[in-house]
Asker: 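This structure is in structure tokens; I'll ask about it shortly.
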Amino acid sequence: MEHAASVTQHDGRLKSNPSRWRDLLALTKPGIIGGNLIATVGGYFLAAQGAFEWVTFISVIVGISLIIASGCACNNVIDRDIDALMARTRHRPLAKGRISITQALGVSALLGVVGVVCLALGTNGLAVALAVIGWGVYVGVYSLYMKRHSEYGTLVGSLSGAMPPVVGYCAVTGQFDSGALMLLIIFCLWQMPHSYAIAIFRYADYQRASIPVLPVVHGIKRAKHHILGYIIAFIPASLALALASQAGTGYLLVALAMGGYWLYLALCGFRLEDDVRWAKKIFGVSILTITAMSLVMVLEAMVPMWT
């Protein structure tokens with residue numbers, strides 16, 4: 001019996017290792033990293049226009065991934081109390097106590113330092129500075145204060161969320177020019193209806209955790225007006241890349257088609273009764289829109305490389 005017990009305990013330790021690695025991976029929010037990488041690659045290729053360099057590209061991808069992972073790990077530490085109150089996040093490792101605060105902060109620090117070093121070795125000072133600023137805004141301004149105290153937290157958070165494609169762009173150009181500014185504006189505007197849609201179909205979670213997002217503070221109807229307004233602003237901003245000859249005709253057509261459909265859905269929201277279903281559609285199309293635009297940036301830039 002004692003031997004059997006020791007084997008069981010040993011097996012338990014063996015089984016805990018994969019679980020621990022899964023928890024550490026969950027701490028970095030892989031879904032957020034993946035979504036941001038698509039935008040980062042788009043920004044890189046928009047600037048590269050056929051002048052592809054493997055060292056710079058890999059440094060950007062690895063560096064920005066690690067820095068985002070670091071920020072997400074810190075966010076999990078800061079949000080562990082409210083995560084425990086929300087259905088969507090209550091099973092996160094820190095909310096359940098499966099990972100300690102010290103461990104999470106250690107992982108965050110390691111990922112952040114390695115990410116910055118990777119960017120510094122393969123890109124330029126501007127790209128590193130922008131990535132660090134994005135991390136600082138997300139962790140220091142948004143997560144530590146704005147998310148819990150102001151309805152404008154979403155707006156502040158959009159700045160950090162828009163930084164990855166700008167980092168990818170500036171890693172190539174080494175300067176913050178009109179193309180970088182347009183990318184920053186496009187992705188900031190895109191983040192707002194995307195985030196408000198989440199706040200609508202996760203309304204009960206945000207209300208339970210007392211997070212002052214716009215739908216909770218001012219109601220869903222007002223949030224719908226804001227979603228519509230930001231999408232209306234997003235469309236010309238996204239088209240400006242092509243009109244300024246930064247992107248090609250393919251990008252122009254995709255941006256126009258996806259932006260137009262997103263706008264159509266936003267308008268439909270004023271006559272539909274199922275706000276949750278509608279918000280999920282707005283959210284889903286937001287992902288498709290920015291993914292399609294980023295992929296077209298890549299494809300248009302790769303054409304000169306193939307010819």
Side-chain angles (χ1 to χ4, degrees), residues 32 34-52 60 64 130 154-155 157-173 176-198 224-269 278-306:
I32 290 179
N36 278 285
L37 277 184
I38 295 172
T40 303
V41 171
Y44 174 90
F45 276 95
L46 180 70
Q49 294 299 322
F52 183 80
V60 168
I64 201 69
L130 290 171
T154 306
L155 186 60
S158 73
L159 180 62
S160 61
M163 206 60 78
V166 181
V167 171
Y169 182 95
C170 291
V172 176
T173 64
F176 192 89
D177 56 17
S178 60
L181 179 60
M182 283 189 278
L183 278 177
L184 184 66
I185 293 171
I186 290 167
F187 279 83
C188 277
L189 291 172
W190 170 82
Q191 292 262 347
M192 299 304 291
H194 170 83
S195 299
Y196 285 152
I198 296 173
K224 287 182 177 182
H225 282 97
H226 280 251
I227 287 173
L228 177 61
Y230 278 112
I231 292 176
I232 289 174
F234 168 81
I235 293 173
S238 64
L239 298 179
L241 268 181
L243 298 177
S245 299
Q246 293 278 352
T249 304
Y251 169 87
L252 178 68
L253 294 175
V254 169
L256 187 60
M258 296 303 298
Y261 182 58
W262 203 18
L263 177 61
Y264 165 75
L265 284 181
L267 290 168
C268 289
W278 169 81
K280 287 181 177 179
K281 284 184 178 180
I282 289 290
F283 169 78
V285 172
S286 74
I287 298 294
L288 290 175
T289 297
I290 214 65
T291 300
M293 288 168 53
S294 297
L295 290 178
V296 173
M297 291 179 195
V298 174
L299 293 174
E300 287 186 337
M302 290 181 73
V303 169
M305 298 168 57
W306 295 338

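Excluded from the calculations below are hydrogen atoms, water molecules and symmetry mates; all remaining heavy atoms, backbone and side chain alike, are included. The first residue in the sequence is number 1, and the count goes up from there. All values derive from a computational prediction rather than experimental measurement.
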Asker: What pair of heavy atoms forms the shortest contact from A39 to P165, and how long is it?
Answerer: O-CB, 3.3 Å

Asker: If you take all heavy atoms of T154 and S195, which pair is closest and at what distance?
Answerer: CG2-CB, 3.5 Å

Asker: CD1 of I227 to CZ of F283: how many Å apart, nearest 0.5 Å?
Answerer: 12.0 Å

Asker: Considering only heavy atoms from C-beta outward, does the side chain of M297 approach that of V41 to under 4.5 Å?
Answerer: no

Asker: With sequence neighbours left out, what residues match H226 under ring-ring contact (aromatic ring centres under 6.0 Å, His included)?
Answerer: none

Asker: Would you give the length of the straight line joining atom NZ of K281 to atom CG of L288, rounded to the nearest 0.5 angstrom?
Answerer: 13.0 Å

Asker: Under 3.5 Å, side-chain donor or acceptor atoms of residues 237-252 against the rest of the protein: list the pairs with distances, not counting sequence neighbours.
Answerer:
unit_1 : atom_1 : unit_2 : atom_2 : d
S238   : OG     : F234   : O      : 3.2
S238   : OG     : I235   : O      : 2.7
Y251   : OH     : S238   : O      : 2.7

Asker: List the atom pairs, donor and acceptor, that lie under 3.5 Å between side-chain atoms in residues 253-261 and the rest of the protein, sequence neighbours left out.
Answerer:
none

Asker: Are any non-hydrogen side-chain atoms of L228 and L267 less than 4.5 angstrom apart?
Answerer: yes

Asker: Which heavy atom of L130 sits nearest a heavy atom of C170, and at what distance?
Answerer: CD1-SG, 3.7 Å

Asker: How long is the straight-line distance from CD of Q49 back to OG1 of T173, given to the nearest 0.5 Å?
Answerer: 12.0 Å

Asker: Any side-chain heavy-atom pair from N36 and I64 closer than 4.5 angstrom?
Answerer: no

Asker: Ignoring hydrogens and geometry, is there a side-chain-to-backbone donor-acceptor pair from W278 to L265 under 3.5 Å?
Answerer: yes

Asker: For residues 176-190, which side-chain donor-acceptor pairs fall under 3.5 Å, sequence neighbours excluded?
Answerer:
unit_1 : atom_1 : unit_2 : atom_2 : d
D177   : OD1    : Y169   : OH     : 2.9
D177   : OD1    : G179   : N      : 3.1
D177   : OD1    : A180   : N      : 3.1
D177   : OD2    : Y169   : OH     : 3.1
W190   : NE1    : S286   : O      : 2.8

Asker: Nearest heavy-atom pair of A266 and I282: which atoms, and what distance?
Answerer: N-CD1, 3.7 Å

Asker: Applying side-chain contact (heavy atoms from CB on, under 4.5 Å), name anything that partners L155, two or more places apart in sequence or on another chain.
Answerer: S158, M192, Y230

